[in-house]
Amino acid sequence: MNLETIGDVLVIELPERLDAAVIAAIEQDLSAAVVAHRGKALADMSGVAFVASLALRMLINNLRTVEPLGGDLRICGLQPQIAEIFRKSRFDTLFKIYLDRATALDEYAK
Amino acid sequence: MKRRIKVPATWEQIDRLMAFVDEIERRTRFSDEQCYLLRLVIEEIATNIIKYGYANRTPGPIDIACAEEAGTLRITIRDRGQPFDPRDAPAPNFGGDPRDREPGGLGLFLIRELADQIGYRHNPRSSWNELTIVKGP
């Protein structure tokens with residue numbers, strides 16, 4: 001997982017496979033970074049080819065944690081299969097989702 | 001083609017199960033959708049068996065077989081834990097807060113959405129549960 005701040009947006013580049021083992025390894029760091037930033041966060045999922053249900057849960061937990069702090073967690077770069085998982089689980093209704101990082105950063109800047 | 005792995009139902013074995021999936025992905029011609037389902041099934045069902053199936057008892061086996069017949073993927077998962085038919089699991093409450101959803105429910109829902117066929121049987125005499133998941137080409 002790579003973390004980078006672009007302007008006022010914390011960009012989180014998520015790893016290729018969000019399975020139980022990977023989530024156990026990154027969950028705490030991700031949550032700590034999002035809470036510490038307390039602002040605009042963007043999960044770049046362009047490199048993600050697999051999400052388990054735990055990964056969806058991790059994302060929503062972070063969104064719900066950061067919202068009362070005045071922050072937001074948005075998502076970009078979903079590969080077609082991952083976009084399908086978001087649709088089927090209705091998680092696409094819980095997040096603002098953008099095609100790619102540039103579009104998401106533009107929207108955040110508005 | 002048929003491949004099989006049998007491991008004790010413990011968290012330490014999850015890596016071995018994922019390596020089993022990697023190996024199948026490398027050596028077979030399943031479609032991207034079939035590979036995704038295979039990974040999802042093994043991840044979600046194995047973790048459910050470890051967490052709930054053998055909860056409060058000595059972990060028993062998880063026995064997974066993966067077969068290809070005329071382009072169709074057939075996954076069979078056997079265990080001797082608490083009987084549980086995933087077809088009976090309620091769909092997640094999409095209207096409510098996702099954090100309040102039943103644990104394990106979302107993973108099973110996704111499997112039901114992606115699979116073509118799901119079968120389950122429990123043998124009370126031997127105590128084996130057998131879950132079969134099928135996805136065509």
Side-chain angles (χ1 to χ4, degrees), chain A residues 14-28 30-31 34-35 43 45-69 71-75 78-97, chain B residues 7 9-22 24-26 30-52 62 86 89 91-115 135:
Chain A
L14 290 171
E16 182 184 2
R17 282 185 192 153
L18 290 176
D19 58 20
V22 170
I23 290 161
I26 67 169
E27 196 167 25
Q28 278 192 329
L30 172 65
S31 166
V34 169
V35 168
M45 294 183 67
S46 53
V48 177
F50 177 78
V51 289
S53 62
L54 274 176
L56 298 174
R57 209 171 268 278
M58 175 182 76
L59 290 169
I60 197 66
N61 285 344
N62 277 292
L63 175 65
R64 296 292 188 243
T65 304
V66 79
E67 272 177 339
L69 305 174
D72 194 3
L73 173 64
R74 298 181 181 181
I75 289 172
L78 295 182
Q79 294 182 17
Q81 262 189 323
I82 308 297
E84 181 76 359
I85 294 288
F86 269 72
R87 263 195 305 278
K88 286 185 185 298
S89 60
R90 323 260 168 94
F91 271 67
D92 60 341
T93 63
L94 304 172
F95 291 93
K96 289 196 173 77
I97 299 175
Chain B
V7 296
T10 60
W11 291 111
E12 295 74 40
Q13 298 298 325
I14 291 285
D15 284 350
R16 274 185 70 196
L17 295 178
M18 290 300 124
F20 173 73
V21 177
D22 291 342
I24 290 171
E25 273 190 9
R26 269 199 305 271
F30 288 124
S31 66
D32 289 350
E33 287 78 14
Q34 287 171 320
C35 287
Y36 197 100
L37 177 65
L38 174 65
R39 190 170 290 280
L40 189 70
V41 164
I42 293 186
E43 159 103 19
E44 305 282 352
I45 301 293
T47 53
N48 277 1
I49 291 170
I50 294 167
K51 253 198 266 185
Y52 309 115
I62 301 180
N93 172 18
F94 289 114
D97 189 322
R99 286 173 305 179
D100 300 335
R101 289 176 188 171
E102 204 56 35
L106 180 59
L108 295 177
F109 171 79
L110 290 173
I111 290 169
R112 287 203 300 259
E113 285 286 306
L114 298 180
K135 188 168 179 71

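In what follows, every chain begins at residue 1, and chains take the letters A, B, ... in the order their sequences are listed.
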* Asked: Taking only residues two or more places apart in sequence, or in another chain, which ones meet A/E84 in a salt bridge (charged side-chain N to carboxylate O under 4.0 Å, His left out)?
  -> A/R87, A/K88
* Please state whether the rings of A/F50 and B/Y36 are parallel, tilted or perpendicular, taking 30° and 60° as the class boundaries. => tilted
* **Contact class of B/E113 relative to chain A, heavy atoms under 4.5 angstrom** => both
* Segment of A/A24 engaging chain B (4.5 angstrom heavy-atom cut-off) -> neither
* Let me know if A/A21 has heavy atoms under 4.5 Å from chain B in its side chain, its backbone, both or neither. => side chain
* Asked: Which bit of B/L110 is near chain A, if near means a heavy-atom gap under 4.5 Å: side chain, backbone, both or neither?
  -> side chain
* **Contact origin within A/I82 toward chain B - heavy atom pairs under 4.5 Å** => side chain
* Below 4.5 Å, heavy atoms only, C-beta onward: do A/I60 and A/L94 meet side chain to side chain? -> yes
* Structure fact -> When every non-hydrogen atom of A/L73 is compared with those of A/L59, the smallest separation belongs to CD2-O, 3.6 Å
* To do: Work out which heavy atom in A/N62 is nearest to a heavy atom in A/S31; give both atom names and the distance.
  => OD1-CA, 3.2 Å
* Asked: With only heavy atoms counted, which part of B/D15 is less than 4.5 Å from chain A, the side chain, the backbone, both or neither?
  -> side chain
